[in-house]
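Take a look at the structure set out below.
As the structure is a computational prediction, the values presented were derived from the model and not from experiment. Because only heavy atoms are used, hydrogens play no part in the values below, and waters and symmetry mates are left out as well, while side chains stay in.
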Amino acid sequence: MEERVAEALLRGDGETQILAARRLCRLTSSLRHNLAHRGVIAPLISMLRSRDFDTIEAALFALLSLSSGSERNKIRIAESGALPVLLKLLRCESDSIFDLVVASLLILSSCTANKLEIADTGAIQLLIEILNTQSITLSVQAKQDIIATLHNLSASHQIIPSLVLSGAIPSLIQLFYNSDKSSELAEKAMALLERIVSSSEIALEETAATTGSVQALVEALEEGSPLCKEYAVGVLVLICNSCRERYRGMILREGVMPGLLQLGLDGTWRAREMARALLLLLRDCSGGGSRTKQRKNALLEEAMERIDAEERMGAALRLVEETIAKAQPEAPKGNCPARLKNSVPWQTYIAQIQCRIIGSWGQISNPIPKSSGEASSSLSEYL
C-alpha cells in the first residue's frame, strides 16, 4: 500500500493523485512518516494549486494527516513552500476548503520552529482581517481555529508586536461582544487578549483606551466561563495597575463589584487571587477625605473580609466532611432492618457540625451574598 500511494502521488495523473491522497489518510502514523520521508509532501502542495476543489480538499486532508503528531513533518511542510499557498486559499469561496486551510495553519503554528515563518508570511494580518470582515459568515469552528492559531503564534514574544500592529486588540474585544459570553470562543478570545496585554505595554494601553473594553471585561466577570472570568480579571488588574489614578474610577463606574465579589468566592484559584489584587487596587488609599470616600473604603474592606471568612469556612467544612467520611462505616447490606436502611445518622452529624461552624463564623462577620444580585444590592451605595 505504501509503495502504491507513493508512486501515485509522485508520478500519477490528477485522479490517481486524489485517490492516493485519500488512501494516505487511512494509513498508520508510521507509514505516513515513511511517505513523508519519500518526498510526497511536494506533490501534495502542488495539488493545492489546482483549480479543482476535490483535488485541493484531498491534498489538505493528506497534509493534515502527515502533520498530525509529527513535529518533523510540520517543519517539512512549511519548508516545502506550503504557507504562501495556504494563505492564498484563504480567499477561496468554498467554506469547507477555508475551514481545512485554517485547521492546517493551526496545526503548523503549534510547532515552535514554524511560528516566525508563519508570521513573516503575513498570516497574522490576513487572519485578523478575515475576523473583522467575514465574522458573520464564518463558522464557529473556523473562528475558534483562527483565535487558536493566533494564540499559538503569540507564544513567541517576537510576534506580539505584529499582533498589536495588526489590530488584534479591537478585533478580540469586538469578537467577544458578538459571542455568547460563556462560550468556548469567548474564552479563547479572552485568553489571547490577556496573553497579548501581559506581554506588551502598548497592547495594555490600547486595551484600556479601546471604547467598550472595560465594559466587555466586566461582562466577562459576570457571564463568562470560569476560565474566561480568570482571564478577564487578569486583564483588569493589569489595566488598573498600569495607571491606578486614571482607570480606577472607570472600572468602578462599569459596575465591577458584584461580579468581582462573586469571583472572589467561586472563581478558580488564580481568579480569586486576582480578585483580591483588584479589590486592593480599587480601594482609595488617599487617606482621610470625605465621608463618602471613607464609606467606600469601608465597604471594600468588608467585602475582602467576607471573602476571606467564606474561604476559611469552606476549608473547615471540607476538612470535617473528609474526616467523617474516612471514619464512616459501610452502608448496611443484605436483609437489614428497615430502620437501618432509612436512618442517616452520619449525614445528620455532618449537618450539625456544619451549622456550628457557620454559626461561629457568623459571629465574626456576616456571610457574603451568594449571588451577584445580592452583592449588587448590598453595595448599591458604593456603586
What pairs meet the side-chain hydrogen bond (donor to acceptor under 3.5 Å, both in side chains) rule with one or both residues in [range], with sequence neighbours excluded?
range	answer
residues 153-165	Ser154-Arg195
residues 46-64	Asp52-Thr55
residues 107-116	Lys74-Ser110, Ser109-Asn152

Test salt bridge (Lys or Arg N to Asp or Glu O under 4.0 Å) applied to [X] - qualifying residues, sequence neighbours left out:
X	answer
Arg270	Glu194, Glu230
Glu3	Arg38
Glu184	Lys188

- Item | Exam field: side chain Ser68 to backbone Leu64, donor-acceptor pair closer than 3.5 Å |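 Side chain of Ser68 to backbone of Leu64: no pair is present.
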
- Query: Under 3.5 Å, is there a donor-acceptor pair between the side chain of Ser166 and the main chain of Leu163?
  - Reply: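 Judged by distance alone, no pair lies under 3.5 Å.
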
- Item | Shortest non-hydrogen contact between Met250 and Val214, atoms and distance | SD-CG2, 3.6 Å

If we only count heavy atoms from C-beta on, is the [X] to [Y] side-chain gap below 4.5 Å?
X	Y	result
Leu126	Arg91	yes
Val40	Val5	no
Leu35	Leu9	no
Leu48	Leu44	no

- According to a 4.5 Å side-chain heavy-atom criterion applied to Ile, Leu, Val, Met, Phe, Trp and Tyr, with indirect links allowed, do Ile159 and Leu150 form part of one hydrophobic cluster?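 Yes; Leu150 is reachable from Ile159 via cluster members.
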
- Does a side chain donor of either Glu219 or Tyr177 reach within less than 3.5 Å of an acceptor in the other side chain?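 No, Tyr177 and Glu219 have no side-chain donor paired with an acceptor closer than 3.5 Å.
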
- Glu7 and Arg23 ion-paired at < 4.0 Å: no

- Task: Rounded to the nearest 0.5 Å, what's the gap from CD1 on Ile107 to CG on Asn73? Could you check?
- Result: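 Ile107 atom CD1 to Asn73 atom CG measures 12.0 Å (nearest 0.5 Å).
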
- Message: Before you tell me yes or no, could you show the steps for Arg276 and Glu273 under salt bridge (Lys or Arg N to Asp or Glu O under 4.0 Å), namely the whole-Å CA-CA distance, both residues' side-chain angles and the distance that decides it to 0.1 Å?
- Response: CA-CA 5 Å; Arg276 285 193 185 85; Glu273 292 298 309; 3.4 Å; yes

- Message: Tell me if the CD1 atom of Ile202 is crowded by more than 12 foreign heavy atoms within 6.0 Å.
- Response: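 Not buried by this count: 12 neighbours or fewer within 6.0 Å.
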
